[in-house]
Amino acid sequence: MKIALAQTNPTVGDFAGNSAKIIEVARKAKERGADLVVFSELCLCGYLPLDLLERPIFLERNRTELARVAKSLPLPAIVGYAGKAHEPAGKRVANSAALIVGGHIVFEQRKMLLPTYDVFDETRYFHPAKEQFTFPLSGSQLGISICEDIWNDKNFWAKPLYERDPVAELVTKGAEIIINISASPYTIDKRNLRMDMLRSLARHQRKPVVYVNQVGGNDTLIFDGSSLAVMPDGRIAAQAKSFEEDLVLFDTETGTGDLRQQPAEEIEAAYMALVCGTRDYVHKCGFTSVAVGLSGGIDSAVVAAIAVDALGAGNVRGVAMPGPYSSPGSVIDAKQLAENLGIQFDIIPINEPFESYLRILRPAFENRPADVTEENIQARIRGNYLMALSNKFGAMVLSTGNKSEMAVGYCTLYGDMAGGLAVISDVPKLMVYELAYLINRKARGGELIPASTMTKPPSAELRPNQTDQDSLPPYEILDPILKAYVEDVQSPQEIADKYGFDLAMVREIAQKVDRAEYKRKQSPPGLKITYRAFGFGRPFPIAQKYQP
């Protein structure tokens with residue numbers, strides 16, 4: 001059997017657009033000689049639909065649209081959609097895979113394992129399958145599973161999350177080909193982990209495994225695709241592109257298929273993820289252009305470069321907003337970056353409104369000394385400028401704060417946090433530099449990000465001679481602490497013991513992280529690329545007094 005792995009980029013709720021794409025790709029698969037085309041999890045309605053699944057009319061549209069699509073498919077297909085659960089008690093919705101043959105739905109398999117960790121809360125919406133079944137097609141027994149169902153191989157994981165193993169149950173019932181439709185979000189190194197897991201599964205079960213993953217960005221999640229077909233000996237027989245729509249064929253008889261080139265290194269994959277996530281978030285939210293505040297620093301430079309790769313230079317506007325403490329070199333670097341990227345560039349100083357703020361507030365401040373208040377006023381003026389440009393020209397503002405700053409609260413509400421998307425809010429500071437070096441290596445006409453931007457000490461330039469390290473340890477120390485505390489959920493004592501850091505310093509950083517939760521709850525959505533990002537995948541309370 002020739003199986004087509006159809007890696008598509010659906011938009012949540014766009015039934016007409018998603019359906020048209022399914023039909024178009026199915027026709028291409030037919031033209032290429034496929035006997036079966038396999039699409040990804042919930043591809044009909046898009047993943048993750050969240051509380052849209054609570055709306056009866058949304059669920060009804062799933063069913064009617066699937067019936068309409070079925071009549072237009074030129075070959076057998078497996079399509080993921082939100083189906084109906086038929087049990088008398090429990091949730092009324094099932095995460096389903098429909099096998100369509102000859103214009104009719106001949107078989108359905110529901111998802112058995114419903115994840116409730118990280119960004120997933122599928123038990124909120126779906127009723128789990130009680131049993132797995134196989135189905136014959138073209139002389140082979142198909143074992144169809146959905147995403148999490150394939151992530152519980154006891155031979156791969158030291159401690160499986162679930163008691164049941166849907167794949168093992170399918171093999172026991174005679175499955176000869178394991179097919180998994182998925183919407184597995186990207187995180188750093190997950191592509192390799194997923195490949196290792198699928199190869200282990202194929203070897204252990206001695207069956208070919210066909211894995212079709214969603215691609216593209218939906219809100220904060222980025223799906224890398226990287227769909228695979230793995231032979232029983234663990235050999236990769238077919239693989240789709242990463243972060244692009246693709247259609248690859250796999251021949252179960254010959255064990256051969258299309259093999260697409262993959263990112264050479266993980267930092268390249270992370271960059272591709274951020275470009276993909278930015279492009280899809282901006283376009284799926286109905287925007288075509290963006291505005292970025294250019295400080296002359298590394299963070300805004302990387303965000304601007306990502307925006308250009310995502311949307312094209314003609315759709316990116318860079319804005320320098322020098323203030324009383326901005327160095328001349330910062331404006332020069334911002335202008336040079338804009339010229340290198342080929343984007344529109346504006347200089348709008350903040351000195352005059354800042355002086356007006358100070359004059360107007362002087363009586364209320366009662367001659368108190370300057371402190372962080374005056375720094376935040378500068379940041380909020382810049383935020384107002386960017387939002388004014390957004391309103392006037394219909395451009396989404398991209399905020400430029402990195403994960404290290406967001407973690408310890410070194411960001412200003414309604415100032416540098418203003419915007420529609422926080423592009424690098426899940427990128428630690430040291431990784432920002434890695435991305436900058438990658439951007440310059442990939443530039444054909446020389447460096448895009450000026451060398452002086454790469455080498456200057458990080459600074460918000462909100463007071464004289466300010467640097468980030470005035471009140472923070474160097475990022476070579478800060479970033480490992482933050483990863484251990486935020487992503488690995490280690491205690492300050494464990495972190496201090498592991499790295500040999502001063503315990504008091506680690507505790508102080510941990511307190512900064514906890515106290516800044518109220519800021520992060522008000523930040524723009526951020527693209528997730530690490531195992532644990534700030535946002536709805538890390539639900540910590542704001543009002544709490546727990547001391548680690």
K111 NZ/CZ over W151 ring centroid, <6.0 Å and within 45° of normal: no
Stepwise side chain to side chain contact (heavy atoms under 4.5 Å, CB included) check, F345 with K335: CA-CA 7 Å; F345 180 65; K335 182 178 181 182; 3.7 Å; yes
A183 backbone acceptor or donor facing S40 side chain under 3.5 Å: no
Side-chain donor-acceptor contact under 3.5 Å, Q493 with D497: yes
Close side-chain approach of V93 to Y125, heavy-atom, < 4.5 Å: no
Pairs involving residues 514-548, ordered by first then second residue, that meet ring-ring contact (aromatic ring centres under 6.0 Å, His included) (sequence neighbours left out): none
Residue list, side chain to side chain contact (heavy atoms under 4.5 Å, CB included) with S182, at least two apart or on another chain: C147, N180, S184, Y211, N213
From S326 atom OG to I350 atom CD1, the distance as rounded to the nearest 0.5 Å: 6.5 Å
Side-chain donor or acceptor of Y385 paired with backbone N/O of P349 under 3.5 Å: yes
Stepwise side chain to side chain contact (heavy atoms under 4.5 Å, CB included) check, V290 with V397: CA-CA 6 Å; V290 296; V397 174; over 6 Å; no
Heavy atoms of other groups near Q261 CD, more than 12 under 6.0 Å: no
T187 side, atom OG1; L221 side, atom CG - distance, nearest 0.5 Å: 10.5 Å
Candidates I381, L386, N384 - the one meeting side-chain contact (heavy atoms from CB on, under 4.5 Å) with M321: L386
Distance (rounded to the nearest 0.5 Å) between L358 CG and L361 CG: 7.5 Å
Residue pair V331, L294: steps toward the side chain to side chain contact (heavy atoms under 4.5 Å, CB included) verdict: CA-CA 8 Å; V331 178; L294 298 183; over 6 Å; no
R260 with D246: basic N within carboxylate O range, under 4.0 Å: yes
Lys/Arg N to Asp/Glu carboxylate O, R194 vs D224, below 4.0 Å: yes
Contacts of E366 that satisfy side chain to side chain contact (heavy atoms under 4.5 Å, CB included) - sequence neighbours left out: R368
All N/O donor-acceptor pairs, side-chain side in residues 501-510, below 3.5 Å, sequence neighbours left out:
from	atom 1	to	atom 2	distance (Å)
D502	OD2	A504	N	3.3
D502	OD2	M505	N	3.0

Check: I181 and F39 side chains under 4.5 Å, non-hydrogen atoms: no
Heavy-atom side-chain proximity of L482 to S404 below 4.5 angstrom: yes
Worked check of salt bridge (Lys or Arg N to Asp or Glu O under 4.0 Å) between D118 and R532: CA-CA 7 Å; D118 191 29; R532 184 167 296 207; 5.7 Å; no
Review item, side-chain donor-acceptor pairs of residues 8-15, under 3.5 Å, at least two apart:
from	atom 1	to	atom 2	distance (Å)
N9	OD1	K284	NZ	2.8
N9	ND2	D280	OD2	2.8
D14	OD1	G17	N	2.9

Flag side-chain contact, heavy atom, 4.5 Å: V292 against V319: no
Of all pairs that satisfy salt bridge (Lys or Arg N to Asp or Glu O under 4.0 Å), the ones with a partner from residues 539-548, not counting sequence neighbours: none
Residue pairs involving residues 318-328 (criterion salt bridge (Lys or Arg N to Asp or Glu O under 4.0 Å); sequence neighbours excluded): none
Whether T278 side chain and L274 backbone form a donor-acceptor pair below 3.5 Å: yes
Under 3.5 Å: donor-acceptor pair, side chain of T453, backbone of I449: no
N/O donor-acceptor pair under 3.5 Å between K91 side chain and R124 backbone: yes
I529 vs V427 side-chain heavy atoms within contact, under 4.5 Å: yes
Heavy-atom side-chain proximity of K190 to P185 below 4.5 angstrom: yes
C411 SG to M417 CE distance, which is reported to the nearest 0.5 Å: 4.5 Å
Those residues that, when tested against D371, pass salt bridge (charged side-chain N to carboxylate O under 4.0 Å, His left out) (two or more places apart): none
Contact list for residues 345-360, test salt bridge (Lys or Arg N to Asp or Glu O under 4.0 Å), sequence neighbours left out: R317-D346
Note, E245 side chain near K21 side chain (heavy atom, < 4.5 Å): yes
Polar contact flag, side-chain donor to acceptor under 3.5 angstrom, Y162-E148: yes
Pairwise distance CD(E266) to CG(D189) - rounded to 0.5 angstrom: 4.5 Å
Derivation and outcome, side chain to side chain contact (heavy atoms under 4.5 Å, CB included), residues E268 and K442: CA-CA 10 Å; E268 182 181 359; K442 291 168 64 70; 4.1 Å; yes
T123 versus T116, side-chain donor and acceptor atoms under 3.5 Å: no
Of all pairs that satisfy side chain to side chain donor-acceptor pair (under 3.5 Å), the ones with a partner from residues 412-437, not counting sequence neighbours: D299-K429, N376-T412, K403-D426, T412-D416, Y414-Q522, D426-T530
Polar contact flag, side-chain donor to acceptor under 3.5 angstrom, Y485-D514: yes
R191 side chain vs S226 backbone, donor-acceptor pair below 3.5 Å: no
P428 backbone acceptor or donor facing D479 side chain under 3.5 Å: no
Sequence neighbours excluded, every pair satisfying ring-ring contact (aromatic ring centres under 6.0 Å, His included) that has a member inside residues 278-306: none
Pairwise distance OH(Y499) to CD1(I481) - rounded to 0.5 angstrom: 9.0 Å
Check ion pair D333-K456 (N to O, under 4.0 angstrom): yes
Q214 side-chain N/O to C43 backbone N/O, donor-acceptor pair under 3.5 Å: no
Under 3.5 Å: donor-acceptor pair, side chain of Q7, backbone of S227: yes
Pair K521 + E517: basic N to acidic O under 4.0 Å: yes
Side chain to side chain, E54 and D51, heavy atoms closer than 4.5 Å: yes
Donor-acceptor contact below 3.5 Å, side chain N402 vs main chain E405: yes
Pairing residues for F243 by the ring-ring contact (aromatic ring centres under 6.0 Å, His included) criterion, not counting sequence neighbours: Y186
